[in-house]
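Below, each value reflects all heavy atoms present in this structure, side chains not excepted, and no hydrogens, waters or symmetry copies.
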Amino acid sequence: MSRSKMENVADEKVGFFQAKLLEWYKLNGRKFYWRKKGLSSYQYVIAEVLLQRTRAETVANFYPQFIIEFPNWNALANAELQRLEDYLRPVGLYRQRSVRLKNLAIEMVKRKGELPKDRKELESIPFMGQYIANAVELIIFKEPSPLVDVNMARVVERVFEPRKLADIRYDPQLQALSYLIVNHKKAKEINWAILDFAALVCKPTPLCSICPVSIKCNLFKNLKVNNLD
DNA sequence: GTCCAGATTA
DNA sequence: TAATCCGGAC
């Protein structure tokens, strides 16, 4: 097959995937407070920090109280480290997160709450790694950036192409595919759809029998060949 | 025991 | 590139 033809096939599959997931999302998408419109950039960034290696449902039960206790960058920057640890303990990673969160808040107070659009400068802010930077671009700057976490990586790898490198952040193919997949007018919805789909259907142990994209999924094809499902 | 909307450090 | 952080849900 020629190079251009392979690209057409890939594009067609991406279109199919986008349409099916948006459809699935309308019926099955999760509702979270931090997905609402009109929150402060502080509230959006805090949600991403709390969501690191922590189930979304766990954060959902915890988030509103945290925002009441620490309503803005200033409150967080001035908070006693010990008090911050006490609040973060129930969701885990509390020693790291308390220190890093405070450093992030101090930096954001210096910047008067303004997040820079320049990517390198954005990532220079403490605790602002690739994922949160993408989330800032997606949610706050309204750019079609992918939320490439372990969940999206798992879905993309199964449906499209396995990763080449162990670390998803430096896998060019996985990254390029992710950008392609969320490059859509409804970039935000596609991202959330993939995360929800990964949490509810395309789990570590996949529920292929209820999956809307299984007919074009590489993993599903292989499962059928090996007669495992 | 595995897994979770990752980032940092060596 | 790999180890480490951490509690909670399953």
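Heavy atoms of A/L147 sit nowhere under 4.0 angstrom from any nucleic acid atom. As judged by a 4.0 angstrom heavy-atom cut-off over every strand, A/I132 is placed among residues touching the sugar-phosphate backbone only. Nucleic acid contact class of A/G129 (heavy atoms, under 4.0 Å, all strands): sugar-phosphate only. A/Y131 comes within 4.0 angstrom of a nucleotide base, judged by non-hydrogen atoms across all strands. Across all strands shown, A/V49 has no heavy atoms under 4.0 Å from either base or sugar-phosphate atoms. Within the 4.0 angstrom heavy-atom criterion, only backbone atoms of the sugar-phosphate kind lie near A/N151; the bases stay farther away.
To the nearest angstrom, P of B/dA7 lies 20 Å from CZ of A/R95. Summarising the geometry, the separation between CD1 on A/I125 and P on B/dG6 is reported as 20 Å, rounded to the nearest angstrom. Regarding A/K203, its NZ atom lies at a distance of 9 Å from the C1' atom of C/dC10, rounded to whole Å. If you measure from atom CG of A/L50 to atom C1' of B/dA7, you get 14 Å, rounded to the nearest angstrom. One can place CZ of A/R97 at 10 Å from P of B/dG6, the figure rounded to the nearest angstrom. One can place CZ of A/R169 at 7 Å from P of B/dA7, the figure rounded to the nearest angstrom. The separation between A/R154 atom CZ and B/dG6 atom P is 11 Å, rounded to whole Å. In this structure, CG of A/L104 is placed 14 Å from C1' of B/dG6, rounded to the nearest angstrom.
Closest to the A/L93 side chain, of the nucleotides B/dA7, B/dA5, B/dG6, is B/dG6. You'll find that the side chain of A/Q96 is closest to C/dC6, out of C/dC6, B/dA5, B/dT8. Checking B/dA5, B/dC4, C/dG7 against the side-chain heavy atoms of A/E57 singles out B/dA5 as nearest.
Where A/E48 and A/F127 meet DNA chain B, the nucleotide closest to each residue was compared, and A/E48 sits on the side nearer the 5' end. Annotation: of the two residues near DNA chain B, A/Q130 and A/P204, the 5′-most nearest-nucleotide partner is A/P204.
Atoms CG and CD1, from A/L122 and A/I132 in turn, are 10.0 Å apart once rounded to the nearest 0.5 Å. For the atom pair CD1 (A/I215) and SG (A/C208), the distance works out to 13.0 Å, reported to the nearest 0.5 Å.
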Enumerate, atom names and distances included, each donor-acceptor pair closer than 3.5 Å involving a side-chain atom of residues 55-63 of chain A, sequence neighbours excluded.
| unit_1 | atom_1 | unit_2 | atom_2 | d |
| --- | --- | --- | --- | --- |
| A/E57 | OE2 | A/R30 | NH1 | 2.9 |
| A/N61 | ND2 | A/E57 | O | 3.3 |
| A/Y63 | OH | A/Q43 | O | 2.7 |

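A/R119 has no carboxylate O lying under 4.0 Å from a charged side-chain N of A/E143, or vice versa, which leaves the two without a salt bridge.
Note on A/R53: every side-chain N or O is 4.0 Å or more away from OP1 and OP2 of C/dC6. Listed pair A/N191 / B/dA5 fails the phosphate criterion, with no side-chain N or O lying under 4.0 Å from OP1 or OP2.
For the C1' atom pair drawn from C/dA2 and B/dA5, the interatomic distance equals 22 Å after rounding to whole Å. For B/dG1 and C/dT4, the P atoms lie 15 Å apart once the distance is rounded to whole Å.
Between A/F70 and A/F66, the angle of the ring planes lies from 30° to 60°, which puts this pair in the tilted group.
Donor-acceptor pairing under 3.5 Å, judged by distance alone, is present between the side chain of A/R55 and the base of B/dC3.
Cation-pi geometry between A/K117 and A/F141 is met: under 6.0 angstrom from the ring centre, within 45 degrees of the axis.
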